[in-house]
Amino acid sequence: MDLYGKDFICTQEWAFEELMAVLDLAAEMKRDRFSERWAGILKHRTFFMFFYNPSVRTRQSFECAATELGGHAQFLEPRAMRLKTAKAAGETVEDAAKVMSRYACGIGIRILEDQVPYYGAGDEMLREYAYWADIPIVNMADDRFHPCQGLADVMGWAEWYGGGPGQPDYGALRGRNFLLTWASGALARSWCSVQEALLIASRFGMNVTVARPEGYDLDPQVYEWTRQNCAAHGATFRTTDDPLEGYRGAHIVYSRNWVTPQAYQDGVFQKQAEIEKAMAYQGWTTTAERMALTDNAIFTHPMPVDRGSEVTDEVASGPRSAIYDIAENRLHVQKAVMALTMGGADL
Ligand code: CP
């Protein structure tokens, strides 16, 4: 499987065999984390990490990944550049991408909804970088997708339903019931992680339920892809506005707050208005009582968790919580993505 030079912007755009090549290597890397086999893959090479938005896990895991592959990850922010914006003259994406390609082995970019004038503009910017750059662009979370999170999620679920850490069984996910539920909270959160979760859960043959109050639907294109992915496996996709229904028989519960499709007005992300809208919907919290309705489900979340609003402490820190395993998996899947797309090594 030759993935050298390939951009990674959304899991839906990679063939299943390509995703499995990454996931299989990630599991091998997890089982034998500091093996000499990986230690020189990016020797003397630099990965640029370009952050428009803050991060804990993404920055830390990419920096560790670069180090463990023998390379270096350089942290960049817009203020460290002189980029052209809607309001200021400066360097174009074309020039920035072409110059960065002369230095680095890959570029990771994070740009979320509050940094762009309309939904999808962040994803468009990544694709503009991908168009001009001669090196792989890795999506470190944009306003539509979070592919590294999606891979870490499915690896964690397959470990829990397989043989444990480093022993995922992806076939064991097929036919299981996946609940993505909107959750209470005042964070006005992005669609990127939850949309990627829908795509990856359906890609691996799970029955998908999205529970959300009326008015909180996600990107229709993502719903359509999810529906198609499910249909390809004979699995089901449905939405409901009942906060309890989806828990019954669920094997995986994912709760997270997210914004409405009306989050932009006049080219500005309306964070405060979204927070106020969300406050009208209390009681969309994952609790032990709700988890008791499931088929002994695991709890999943990309973190940071809004404890007390999205989920109770009892569930987030409980014996069926996969959150830390999944956070750890960010490191392993990103090492695998970097090795395969930037290392060019025979793995
Ligand atoms: N899950 C995730 O992307 O976490 P950070 O925002 O902390 O990077």
Side-chain angles (χ1 to χ4, degrees), residues 8-11 22-23 26 30 47-68 73-78 106-116 122-123 125-126 137-157 159 180-183 185-201 218 222 252-259 269 271 286 298-307 309-311 316-317 321-338:
F8 190 44
I9 296 179
C10 174
T11 55
V22 172
L23 290 167
K30 184 168 183 172
F47 175 67
F48 287 149
M49 304 185 300
F50 190 13
F51 282 97
Y52 280 78
N53 291 84
S55 156
V56 174
R57 277 145 293 274
T58 303
R59 179 178 177 181
Q60 292 175 356
S61 55
F62 267 107
E63 286 202 20
C64 291
T67 302
E68 292 179 20
Q74 186 178 132
F75 178 73
L76 297 166
E77 292 176 289
I107 306 170
I109 304 174
R110 165 168 290 199
I111 183 161
L112 297 176
E113 57 290 325
D114 57 340
Q115 299 294 317
V116 294
D123 189 66
M125 196 194 81
L126 257 78
I137 299 299
V138 178
N139 185 350
M140 300 196 303
D142 69 21
D143 54 347
R144 296 188 77 198
F145 307 118
H146 197 351
C148 299
Q149 186 64 56
L151 289 186
D153 290 344
V154 76
M155 182 175 172
W157 307 335
E159 288 174 323
L180 170 66
T181 174
W182 184 86
L187 291 178
R189 290 189 131 156
S190 174
W191 288 2
C192 64
S193 296
V194 292
Q195 295 198 144
E196 201 68 59
L198 292 182
L199 295 174
I200 206 78
L218 296 162
V222 171
I252 299 175
V253 171
Y254 185 135
S255 63
R256 183 141 163 117
N257 174 258
W258 67 77
V259 299
F269 181 68
K271 184 165 184 170
T286 297
I298 59 171
F299 177 75
T300 185
H301 191 289
M303 304 184 82
V305 179
D306 187 8
R307 287 170 178 258
S309 294
E310 292 177 324
V311 59
S317 298
S321 173
I323 62 175
Y324 303 124
D325 298 321
I326 286 170
E328 179 189 332
N329 287 345
R330 290 290 304 277
L331 168 71
H332 306 300
V333 299
Q334 289 158 200
K335 267 173 84 173
V337 167
M338 294 167 86

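Ligands are counted one by one from 1 in listed order, and the atoms in each one are counted from 1 as well.
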Novice: By number and element, which atoms of ligand 1 are closer than 4.0 Å to a non-hydrogen atom of V56?
Specialist: 5 (P), 7 (O), 8 (O)

Novice: Just going by heavy-atom distances, which of H146, M140, Q149 is nearest to atom 3 (O) of ligand 1?
Specialist: H146

Novice: Touching ligand 1 at all, R330? Heavy atoms, strictly under 4.0 Å?
Specialist: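 The answer is yes: ligand 1 sits under 4.0 Å from a heavy atom of R330.
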
Novice: Evaluate P302 for polar contact with ligand 1, using N/O atom pairs at a separation under 3.5 Å.
Specialist: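 N/O-N/O distance under 3.5 Å: yes.
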
Novice: Determine the minimum heavy-atom distance between I107 and I109, stating which atoms define it.
Specialist: CG2-CG1, 3.9 Å

Novice: For ligand 1, which atoms, with element, lie under 4.0 Å from some heavy atom of M303?
Specialist: 1 (N), 2 (C), 4 (O)

Novice: Before giving the answer on salt bridge (Lys or Arg N to Asp or Glu O under 4.0 Å), spell out for E159 and K30 the whole-Å C-alpha distance, their side-chain angles and the decisive distance to 0.1 Å.
Specialist: CA-CA 12 Å; E159 288 174 323; K30 184 168 183 172; 3.0 Å; yes

Novice: Please confirm whether R110 comes under 4.0 Å of ligand 1, counting heavy atoms of the residue only.
Specialist: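 The answer is yes, since R110 has a heavy atom less than 4.0 Å from ligand 1.
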
Novice: Quick one: is the NZ or CZ of R110 closer than 6.0 Å to the six-membered ring centre of F50, and within 45° of its axis?
Specialist: no

Novice: Looking at R189 and E310, is any side-chain nitrogen of the basic one under 4.0 Å from a carboxylate oxygen of the acidic one?
Specialist: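 Salt bridge flag = yes for R189 with E310.
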
Novice: Assign the ring pair F47 / F62 to parallel, tilted or perpendicular, where the plane angle (0 to 90°) is split at 30° and 60°.
Specialist: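 Rings of F47 and F62: parallel, under 30°.
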
Novice: Can you tell me the protein heavy atom closest to atom 4 (O) of ligand 1 and the distance?
Specialist: R57 NE, 3.0 Å

Novice: Just verifying a value: how many Å separate L151 CG and I326 CD1, rounded to the nearest 0.5 Å?
Specialist: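 Reported to 0.5 Å precision, the distance equals 12.0 Å.
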
Novice: Atoms of ligand 1 less than 4.0 Å from T58 heavy atoms?
Specialist: 2 (C), 3 (O), 5 (P), 8 (O)

Novice: Is there a polar contact between ligand 1 and P304, counting only N or O atoms under 3.5 Å apart?
Specialist: no

Novice: Specify the closest pair of heavy atoms between V259 and W191, including all atoms of both residues, with the distance to one decimal.
Specialist: O-NE1, 2.8 Å

